Amino acid sequence: MENANKKGINTISDFEIFSIFIIFSFLLYSLYPGKKLTEYAINEDKNYDLTEIYLKNIYQKYPENVDLLFALSNIYLKRGKTTHARELIQKIVNINDTEIKDKATLYLSRIRLYSINPASSNFKEDMIYLENYYSSEPFLANPEKEKYLKEYASVFIRMGLYKEGFESFYRILTARERSQEYTNMVFKELTRIMKAGNMLKEKAIKLSVFETLLSKDDESANELIEIYLQAGKPDMARSYSLKILKLKKLI
């Protein structure tokens with residue numbers, strides 16, 4: 001009798017799992033058809049396994065649907081399946097469509113980011129590649145660049161590679177002059193890495209080279225003053241405050 005009860009429980013459990021998948025698939029298809037499917041998959045932070053199963057089945061039926069390919073690749077990335085993601089993207093890297101090629105390049109760069117390994121002999125090469133891509137013209141033209149810059153920093157933070165992440169964003173800021181908007185985005189992620197790695201006291205003085213550049217944006221300038229104060233450098237905070245007032249011709 002006890003075995004029979006256990007069998008019944010297992011049967012119910014399997015049925016519930018199957019039912020959940022069916023309901024999930026129906027809702028996904030109903031709520032996120034067409035291009036919205038890609039948007040859903042990219043922003044999905046839960047149910048990776050169910051989303052992957054669903055997308056794999058749909059993609060098998062519609063392999064010509066590039067949106068599905070990107071959506072599935074994104075789920076692979078979030079699940080750490082970088083090889084699977086790369087295999088998918090390689091199918092379209094040579095396609096004769098500028099928009100798709102640019103997006104494929106973005107995904108190949110994200111795959112390289114998620115595959116970063118400081119113990120690898122290619123680590124230095126990978127870092128140079130990433131820094132070049134995340135400051136390239138195609139990336140700067142991406143309307144979602146802020147989101148992907150945040151992802152770039154988050155991977156280094158998650159892996160505890162604070163020093164490497166700081167140096168990477170620092171080099172991007174010093175490499176060439178960009179728009180104020182992009183500068184603010186990079187600086188925001190640079191400071192996030194510094195705070196996550198408790199590097200304010202150690203690295204704050206290195207930020208002084210950006211004082212004039214950041215003074216053009218009040219939020220970034222105030223952030224730098226706050227960093228100086230948190231790092232125990234009130235003299236630098238005071239000096240920079242006076243510098244801003246002079247640059248704005250207020251004194």
Side-chain angles (χ1 to χ4, degrees), residues 42-43 45 73-74 76-83 85-86 105-142 144-211 213-214 217 219-233 236:
I42 289 175
N43 295 314
D45 290 322
S73 297
N74 196 69
Y76 280 149
L77 269 183
K78 291 184 177 182
R79 300 200 69 189
K81 299 182 177 182
T82 53
T83 300
R86 184 179 290 105
T105 302
L106 167 66
Y107 270 67
L108 287 174
S109 300
R110 294 178 66 217
I111 290 167
R112 200 155 182 171
L113 172 64
Y114 275 83
S115 304
I116 201 79
N117 181 0
S120 169
S121 59
N122 296 323
F123 181 66
K124 186 175 181 180
E125 179 185 335
D126 289 338
M127 291 292 288
I128 293 172
Y129 173 89
L130 291 171
E131 289 162 22
N132 287 336
Y133 175 72
Y134 283 93
S135 58
S136 67
E137 294 300 332
F139 180 75
L140 293 175
N142 190 319
E144 296 185 296
K145 56 183 173 292
E146 185 172 14
K147 178 180 75 173
Y148 290 117
L149 275 174
K150 183 176 181 179
E151 178 185 55
Y152 184 12
S154 295
V155 169
F156 283 92
I157 292 173
R158 185 174 67 248
M159 295 181 68
L161 300 174
Y162 306 113
K163 180 181 178 181
E164 293 83 354
F166 173 86
E167 294 298 334
S168 184
F169 276 81
Y170 187 87
R171 284 191 291 266
I172 289 175
L173 268 182
T174 55
R176 63 193 75 177
E177 187 175 348
R178 294 297 185 188
S179 69
Q180 189 65 46
E181 177 194 29
Y182 178 72
T183 297
N184 297 339
M185 291 178 187
V186 175
F187 181 68
K188 180 179 179 180
E189 297 309 319
L190 176 67
T191 57
R192 192 161 69 92
I193 293 172
M194 289 176 66
K195 292 175 181 178
N198 295 316
M199 298 188 298
L200 292 181
K201 289 184 178 180
E202 176 189 355
K203 302 292 187 182
I205 195 169
K206 292 192 69 174
L207 302 183
S208 61
V209 299
F210 305 126
E211 287 185 352
L213 184 64
L214 298 175
D217 178 76
E219 185 176 347
S220 294
N222 289 334
E223 176 69 14
L224 183 54
I225 291 172
E226 184 179 337
I227 287 174
Y228 285 154
L229 293 172
Q230 291 177 352
K233 302 183 184 298
M236 292 184 70

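Everything numeric in this text was worked out from a predicted model, so none of it was measured.
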(request) Kindly indicate, with the supporting measurements, whether the criterion side-chain contact (heavy atoms from CB on, under 4.5 Å) is fulfilled by Phe210 and Thr183. (result) CA-CA 10 Å; Phe210 305 126; Thr183 297; over 6 Å; no
(request) Give a yes or no on whether the backbone of Leu140 and the side-chain of Lys145 come within a donor-acceptor separation of less than 3.5 Å. (result) yes
(request) Examine distances only and state if a side-chain atom of Ser168 and a backbone atom of Glu164 form a donor-acceptor pair shorter than 3.5 Å. (result) no
Neighbour count >12 (heavy atoms, 6.0 Å) for atom [atom1], [X]:
X	atom1	result
Lys201	NZ	no
Lys81	NZ	yes
Gln180	CD	yes

Nearest heavy-atom neighbours spanning [X] and [Y]:
X	Y	result
Leu207	Met194	CD1-SD, 3.8 Å
Ile111	Ala85	CD1-C, 3.7 Å
Lys233	Ile205	CE-N, 4.4 Å
Leu149	Phe169	O-CZ, 3.7 Å

(request) Compute both the distance and the angle, then confirm whether Arg112 meets the cation-pi test with Tyr129: under 6.0 Å from the six-membered ring centre, within 45 degrees of the axis. (result) yes
(request) Report yes or no: is the cationic atom of Lys206 (NZ for Lys, CZ for Arg) under 6.0 Å from the centre of the six-membered ring of Tyr170, at an angle within 45° of the ring normal? (result) yes
Distance check, rounded to the nearest 0.5 Å: [X] atom [atom1] versus [Y] atom [atom2]?
X	Y	atom1	atom2	answer
Glu189	Tyr148	CD	OH	14.5 Å
Ile116	Asn122	CD1	CG	9.5 Å
Leu200	Leu229	CG	CG	11.0 Å
Ile225	Glu211	CD1	CD	9.0 Å

I want to check something: taking the side chain as every heavy atom from C-beta on, are [X] and [Y] in contact at a cut-off of under 4.5 Å?
X	Y	result
Phe139	Tyr182	yes
Glu226	Gln230	yes
Asn184	Glu219	no
Tyr107	Asn74	yes
Arg86	Ser115	yes
Thr83	Tyr76	no
Leu161	Pro118	yes

(request) Might you work through the side-chain contact (heavy atoms from CB on, under 4.5 Å) test for Lys203 and Glu167, ending with a clear yes or no? (result) CA-CA 10 Å; Lys203 302 292 187 182; Glu167 294 298 334; 3.5 Å; yes
(request) Please step through side-chain contact (heavy atoms from CB on, under 4.5 Å) for the pair Phe156 and Tyr162, ending with a clear verdict. (result) CA-CA 6 Å; Phe156 283 92; Tyr162 306 113; over 6 Å; no
(message) What I want to check is whether the side chains of Asp217 and Ser220 have a donor and an acceptor closer together than 3.5 Å.
(response) yes
Is [X] salt-bridged to [Y], cutoff N-O under 4.0 Å?
X	Y	value
Glu151	Lys78	no
Arg192	Glu223	no
Glu137	Arg178	yes

(request) Determine, step by step, whether Asn117 and Phe123 satisfy the side-chain contact (heavy atoms from CB on, under 4.5 Å) criterion, reporting the C-alpha distance in whole Å, the side-chain angles of both residues, the deciding distance to 0.1 Å, and the verdict. (result) CA-CA 6 Å; Asn117 181 0; Phe123 181 66; 5.7 Å; no
(request) Would you please classify the geometry between the Tyr134 ring and the Tyr152 ring as parallel, tilted or perpendicular, with 30° and 60° separating the classes? (result) parallel
